[in-house]
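Chain letters run A, B, ... following the sequence lines, proteins first, then strands; residues in each count from 1.
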2 protein chains.
Amino acid sequence: MIPTIRDVAREANVSIATVSRVLNGLTGYSDKTKQKVIKTIEDMGYHPNAIARYLNNRRTQTIGVMFPAVTNEFSSAVLQGIEEYALERGYSVLVCNTAVDGNRTMKYLQVLRERQIDGIIFASEVLKHEYKQMLDTMQVPIVLVSSKNEDPKVPFVKVDDRQASYDAVRYLIDKGHKDIAMIAGTPEDPIAGIPRLQGYKDALYDNGIPFRSSRVAYGDFHYDSGQAAMETLLEQERGVTAVFAASDEMAVGAMNAAMQLGIRVPEDLSVIGYDNIRLSRMIYPALTTVGQPLLQLGRDAVDKVITMIETGKIVPSLIVPHEIVERQTVKDLRT
Amino acid sequence: MIPTIRDVAREANVSIATVSRVLNGLTGYSDKTKQKVIKTIEDMGYHPNAIARYLNNRRTQTIGVMFPAVTNEFSSAVLQGIEEYALERGYSVLVCNTAVDGNRTMKYLQVLRERQIDGIIFASEVLKHEYKQMLDTMQVPIVLVSSKNEDPKVPFVKVDDRQASYDAVRYLIDKGHKDIAMIAGTPEDPIAGIPRLQGYKDALYDNGIPFRSSRVAYGDFHYDSGQAAMETLLEQERGVTAVFAASDEMAVGAMNAAMQLGIRVPEDLSVIGYDNIRLSRMIYPALTTVGQPLLQLGRDAVDKVITMIETGKIVPSLIVPHEIVERQTVKDLRT
DNA sequence: CTGAAAGCGCTTACAG
DNA sequence: CTGAAAGCGCTTACAG
């Protein structure tokens with residue numbers, strides 16, 4: 001049988017209250033008692049039961065993390081950041097793969113509620129009305145990563161998508177490109193769709209380059225859609241020298257489509273992506289892209305949610321810096 | 001305040017025992033009582049506390065999953081399979097990123113023990129003696145995925161690495177290749193290192209091709225090491241027409257190294273990988289590789305661990321089938 | 001410095 | 001069909 005605190009108390013000839021005290025480093029026992037208790041604990045191989053402890057202090061030290069998919073590098077890097085920092089802070093992580101499915105998400109929220117998690121992190125997920133309603137009744141702190149939200153009670157951690165996109169296009173312009181197409185994300189996506197397209201438009205506008213809707217093709221951020229979008233672009237547009245894709249996967253899909261048609265990157269066509277996932281440096285030529293501090297994004301989200309859990313106060317949102325990671329897919333046209 | 005079973009009982013004018021019964025679908029109440037209780041539960045927005053329930057039935061319905069790293073596609077695909085199937089079976093998953101660090105792993109095992117998880121899945125991890133000792137005292141079922149182990153009490157789920165490797169090399173031979181190099185994994189690795197190298201040797205031997213140790217370079221399964229290994233191979237060997245890499249990441253690294261030296265794949269050099277992660281079809285040309293059913297591997301592991309949890313019996317290990325996924329990186333020399 | 005006791009939110013014999 | 005009570009493994013006032 002696995003020993004309980006009661007067994008230790010009996011064996012050490014003290015009360016369970018005393019064992020509990022030395023276990024939790026409280027005061028109120030002689031050094032002699034302490035030594036005796038510690039020795040007994042070791043001898044018996046006793047380990048406290050975190051579940052029983054929870055019943056008293058109402059903290060499970062568990063965070064639920066909702067992901068639309070774990071099988072992409074973006075999510076898994078953020079997850080790693082979350083997981084690492086949570087461990088440092090003494091919290092555990094319950095992963096929930098929503099598969100962008102509302103029912104599944106609701107089911108998970110139900111599970112998280114019953115398991116009495118202390119807080120929730122939503123990664124790359126839009127907080128639907130349906131979720132918020134449920135969340136409201138759960139009375140648990142929520143933080144969004146790489147997503148945003150109007151309600152100040154739900155802080156978020158993300159880069160400035162419009163600005164990052166603006167900077168990417170600006171980078172192409174600085175390299176002498178004027179005929180720039182974009183492979184945008186889902187048109188309705190309020191996080192990575194609309195703002196990134198807006199950044200593209202703004203950068204063109206600020207540099208006196210007219211916007212042409214035929215130079216924009218839409219994908220869903222995944223590989224296949226990037227390939228398809230590139231094909232569409234190639235059919236309807238001539239003279240494009242550079243493409244900005246709203247995700248690295250789409251950028252790589254686009255490169256692939258181009259290369260299959262004998263178009264060389266970057267000699268014939270420059271490409272810049274968005275995310276800086278590992279894939280971007282594993283392909284040939286290595287992809288120039290917009291870098292987001294993915295691990296840090298995860299760590300910051302954990303920090304915020306734990307602060308909310310432990311202080312009960314709302315914390316402010318955070319915009320983390322992005323950067324242009326220069327590699328080999330953008331040709332300098334000015335030379 | 002969040003209502004408890006006691007509040008529901010009071011409101012519905014029944015005992016908590018009765019509420020508990022209808023909650024758990026047991027027998028022993030009239031339909032009228034049932035309706036009254038259900039209505040009260042809904043009106044009050046009551047949700048059972050899974051933690052409190054655990055204290056009675058000793059099941060947390062939680063599985064701990066140990067990963068050497070979540071940031072690679074192999075792990076995240078397996079994790080997805082685990083997570084999906086665990087949800088279906090009513091279990092939650094606690095992710096633990098060991099970072100191949102013994103201390104970290106021990107710390108995690110400690111956490112899992114205190115949290116009273118019902119079972120553990122080790123993914124791609126060798127069960128060190130140190131871990132086993134601790135695990136023994138935990139008295140919890142353990143299953144390995146993509147790893148193996150002599151102890152019958154710890155079943156595993158994996159492909160036959162030697163055979164899969166044999167088949168990959170055999171595939172190259174069937175395409176007319178004779179000068180085949182290998183980028184092997186860590187030499188001491190008993191799972192993915194030794195057996196895959198052995199498969200290579202066996203396939204050469206069975207086809208009358210002499211083995212040359214200078215045609216083997218070693219990596220650590222990751223991208224960079226594949227690149228480095230390819231460079232080594234290219235320096236010390238001439239006449240190689242094909243390379244078999246023990247992981248897709250290394251295969252892609254190798255392709256990259258070759259392409260940077262102007263060597264074309266597959267025209268000048270054929271490459272075959274191992275894993276069939278998404279990356280393998282996102283590069284150009286798309287990588288021919290050995291496919292493992294990653295999601296299924298995860299699901300099978302969950303199935304085994306839950307069976308062990310619920311029946312208390314040991315289950316047999318499982319060898320899952322592999323396949324050669326033909327894409328564009330192997331040239332047929334016979335034509 | 002130490003212990004007896006109540007209580008956290010449930011489940012489960014047991015009795016009626 | 002229903003309820004009172006014990007108990008799961010802890011923590012925490014309270015009393016001494």
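Within the 4.0 angstrom heavy-atom criterion, base atoms lie near B:I16. Backbone-only engagement by B:T18 is indicated by non-hydrogen atom pairs under 4.0 Å involving sugar-phosphate atoms exclusively. Note on B:R58: only backbone sugar-phosphate atoms sit closer than 4.0 angstrom, heavy atoms only; bases stay farther off. Among the atoms of the strands shown, only primed sugar atoms or phosphate atoms (P, OP1, OP2) are found under 4.0 Å from some heavy atom of A:N49. As judged by a 4.0 angstrom heavy-atom cut-off over every strand, A:L23 is placed among residues making no nucleic acid contact. Counting non-hydrogen atoms under 4.0 angstrom, A:N57 reaches nothing in the nucleic acid.
Between the side chain of A:N13 and the backbone N or O of A:A9 there is no donor-acceptor pair closer than 3.5 Å.
Between B:D31 and B:K34, no side-chain nitrogen of the basic residue sits less than 4.0 Å from a carboxylate oxygen of the acidic one, so the salt-bridge criterion is not met. Under a 4.0 Å N-O distance rule, the pair A:D118/A:R58 does not qualify as a salt bridge. A salt bridge between A:R59 and A:E310 is absent, with no side-chain N of the basic residue lying under 4.0 Å from a carboxylate O of the acidic one. Using a cutoff of 4.0 Å between basic side-chain nitrogens and carboxylate oxygens, A:D136 and A:K132 are not scored as salt-bridged. The pair B:K148-B:D161 does not meet the salt-bridge criterion, since no charged nitrogen lies less than 4.0 angstrom from a carboxylate oxygen.
Distance, A:D7 CG to D:dC8 P: 11 Å, rounded to whole Å. Here D:dG9 presents its P atom at 18 Å from CZ of B:R53, a figure rounded to the nearest Å. Taking atom CD1 on A:I51 and atom C1' on C:dC10, their separation rounds to 13 Å, with Å as the unit. Separating the CZ atom of B:R10 from the P atom of D:dG3 is a distance of 15 Å, rounded to the nearest angstrom. Note: CD1 (B:I5) to P (D:dA4) measures 14 Å, nearest angstrom. Separating the CZ atom of A:R59 from the P atom of D:dT11 is a distance of 15 Å, rounded to the nearest angstrom. Rounded to whole Å, atom P of D:dC10 lies 16 Å from atom CZ of A:R21.
One distance of note links CG of A:L144 with CG of A:N149; it measures 5.0 Å at 0.5 Å rounding. Atom CZ in B:R113 sits 12.0 Å away from atom CG in A:N49 (nearest 0.5 Å).
The residue among A:A17 and B:V14 whose nearest nucleotide of DNA chain D is located toward the 5' end is B:V14.
Regarding contacts with the backbone of C:dG3, a side-chain N or O of A:S15 is found under 4.0 angstrom from either OP1 or OP2. Considering only side-chain N and O atoms, A:Y54 lies nowhere under 4.0 angstrom from the phosphate OP1 or OP2 of C:dG7. The phosphate of D:dT11 (OP1 or OP2) has a side-chain N or O of A:S20 nearer than 4.0 angstrom.
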Going through the distances and angles, do B:R299 and B:D303 end up as a salt bridge (charged side-chain N to carboxylate O under 4.0 Å, His left out)? CA-CA 6 Å; B:R299 297 177 73 92; B:D303 184 52; over 6 Å; no
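Checked options B:I319, B:D300, B:V305; the residue passing with B:V157 is B:D300 (criterion: side-chain contact (heavy atoms from CB on, under 4.5 Å)). The one candidate from A:T62, A:T60, A:I63 that meets the side-chain contact (heavy atoms from CB on, under 4.5 Å) condition with A:Y91 is A:I63.
With D:dG9, C:dG3, D:dT11 as the candidates, the nucleotide lying closest to the side chain of B:L55 is D:dG9. Closest approach to the B:A52 side chain among C:dG9, C:dT12, D:dC10 is made by C:dG9 (side chain taken as heavy atoms from C-beta onward).
For A:N56 against D:dC10, a side-chain-to-base donor-acceptor contact under 3.5 Å is present. Looking at A:R6, its side chain has no donor and acceptor atom pair within 3.5 Å of the base of D:dG7.
Base pairing in DNA chain C gives the following stems of 3 or more Watson-Crick or G-U pairs, range against range and under 3.5 Å: C:1-3 with D:14-16, C:5-12 with D:5-12, C:14-16 with D:1-3.
Sorted by residue number, the members of residues 26-38 of chain A with any non-hydrogen atom under 4.0 Å from DNA chain C read A:G28, A:Y29, A:S30, A:T33.
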